[in-house]
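Comments concern the structure below.
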Amino acid sequence: MRFADFTAFDLFLLAQGLGVNIALFLVTALIGMLVGICWAIVRFYRVPLLSEVITFVSELLKNSPVLVQLFLVFFGLPGLFHIRVTPVTAATITLSANTAAFVYVIAVSAIESIGRDQLEAARVFGLSRWQVLRHVVAPQAAAFAIGPLIALLVNQLQVTSLISVIGVVDLTKIGNILNMRTLKPFIVWTAVGLLYYAAAKLVALLGSRFENRLRAHSAWRGL
C-alpha cells in the first residue's frame with residue numbers, strides 16, 4: 001500500500017463528507033421535530049392508549065444508545081421483514097426517531113410549564129381546545145422550548161458522526177479513509193474535529209439569533 005501526504009484536496013473531500021452530515025441532519029431534524037410535536041399534541045389531548053404508547057416508545061428511544069438503534073434498523077429490519085434497507089435510509093429512520101423522542105420530552109415540558117389558570121381562563125372565554133393550543137399554549141411553549149431545542153439540535157448534528165459505521169460515506173468515514181492513506185491521524189482527525197465544531201457552532205449561532213428574535217417578539221406581545 002502506498003501512503004501519501006495530506007493535501008488541500010483532502011480538505012475538499014472532508015468538506016464533501018460534512019455536506020452529507022449536514023444534509024442528513026437537516027432532513028432528520030425536520031422530520032423529528034414534526035413527529036415529536038405531533039406526539040406532544042397527542043399527549044396534550046390525552047388520547048387514550050395512544051398517549052401511553054408514545055410515552056413508552058419515547059422512553060425506549062431516548063434511553064438506548066443511538067448506535068444500537070442504527071444496528072437494529074440496518075441489520076434487524078431486513079432480517080425480520082425481509083426488506084432492503086440502505087445505509088442512508090437506516091440513518092434517516094434512526095436519527096429522525098431519536099430526535100422525535102427528545103423533541104417530545106421538550107415539547108411536553110414546555111406545555112406543562114404553562115399555568116393551568118391560563119388554560120381554564122381561555123376555556124371560560126369560549127375558546128375551543130384547538131384555539132387554546134394555537135393561541136395560548138403554542139406561543140408560550142415555543143418561547144420556553146427554544147433553548148433546549150437548540151442544544152438538542154447541536155447534539156444531534158454531532159450524533160450524525162455515528163452513521164459511518166453502517167457504511168454512509170460522511171465526514172467521519174472519509175476521515176477514516178484519509179487516516180489510513182496518509183498515516184497522519186493527528187492532522188486528519190484535527191481537521192475532522194474542526195469541521196464538526198464549525199458546523200455545530202453555526203447551528204448554535206443561528207439558533208441563538210432565532211431565540212433572541214422569538215423572545216423579543218414574545219415580550220412585545222406580552223407573553
Side-chain angles (χ1 to χ4, degrees), residues 22 24-66 69 92-160 162 199-223:
I22 292 176
L24 193 62
F25 160 73
L26 292 175
V27 171
T28 57
L30 179 61
I31 296 173
M33 289 182 68
L34 290 175
V35 173
I37 291 172
C38 288
W39 287 357
I41 292 174
V42 171
R43 169 70 177 268
F44 175 76
Y45 284 113
R46 301 186 185 280
V47 179
L49 185 61
L50 190 55
S51 297
E52 287 74 14
V53 172
I54 288 174
T55 301
F56 175 73
V57 172
S58 173
E59 286 294 317
L60 280 180
L61 291 172
K62 70 187 183 67
N63 290 311
S64 58
V66 179
Q69 296 172 21
T92 302
I93 294 172
T94 304
L95 297 181
S96 296
N98 188 261
T99 301
F102 285 98
V103 170
Y104 167 74
V105 173
I106 293 171
V108 168
S109 300
I111 291 173
E112 292 180 348
S113 69
I114 301 170
R116 304 299 301 180
D117 55 336
Q118 296 188 50
L119 304 181
E120 293 171 1
R123 296 302 298 271
V124 168
F125 279 102
L127 273 68
S128 65
R129 295 195 71 178
W130 168 248
Q131 290 174 323
V132 172
L133 178 64
R134 180 182 176 185
H135 298 293
V136 179
V137 174
Q140 297 183 73
F144 177 89
I146 187 65
L149 279 175
I150 293 170
L152 171 64
L153 292 177
V154 171
N155 180 75
Q156 293 303 95
L157 174 61
Q158 296 168 351
V159 168
T160 61
L162 297 175
K201 195 68 175 178
L202 179 60
V203 171
L205 179 61
L206 293 175
S208 179
R209 292 186 63 179
F210 178 74
E211 180 182 11
N212 292 335
R213 293 186 63 179
L214 179 62
R215 292 191 183 279
H217 179 68
S218 300
W220 179 76
R221 296 187 61 184
L223 298 176

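Source: prediction; values computed, not measured.
Summarising the geometry, atom OG1 belonging to T55 is positioned 11.0 Å from atom CG belonging to L60; distances are rounded to the nearest 0.5 Å. Note that the CG atom of L24 and the CG atom of L95 stand 5.5 Å from one another [nearest 0.5 Å]. Atom-to-atom distance recorded for L153:CG and F102:CZ is 12.5 Å, nearest 0.5 angstrom. Rounding to the nearest 0.5 Å gives a distance of 4.5 Å between CZ of F144 and OG of S113. Atoms CD1 and CH2, from I41 and W39 in turn, are 13.5 Å apart once rounded to the nearest 0.5 Å. To the nearest 0.5 Å, the span separating CG on L157 from CG on L152 amounts to 11.0 Å.
Listed for the S58 side chain is no donor-acceptor partner under 3.5 Å among the backbone atoms of I54. The closest donor-acceptor contact from the side chain of T28 to the backbone of F25 lies under 3.5 Å. No donor-acceptor pair under 3.5 Å is formed between the side chain of N98 and the backbone N or O of T94. Put simply, the side chain of Q69 gets close to the backbone of L61: a donor and an acceptor are under 3.5 Å apart. Proximity of a side-chain donor or acceptor of N212 to a complementary backbone N or O of S208 within less than 3.5 Å is detected. Put simply, the side chain of Q156 never gets that close to the backbone of A29: no donor and acceptor are under 3.5 Å apart.
Closest approach of A110 and A145 over heavy atoms only: CB-CB, 3.9 Å. When all heavy atoms of I31 and T92 are compared, the closest pair comes out as CD1-CG2, 4.4 Å. Between S51 and V47 the shortest heavy-atom distance is OG-O, 2.8 Å.
Partner V154 forms a side chain to side chain contact (heavy atoms under 4.5 Å, CB included) with one of V159, L202, L149, V203 and no other, that one being V203.
Listed by first then second residue, pairs satisfying salt bridge (charged side-chain N to carboxylate O under 4.0 Å, His left out) with a partner in residues 34-58 read R43-E112, not counting sequence neighbours.
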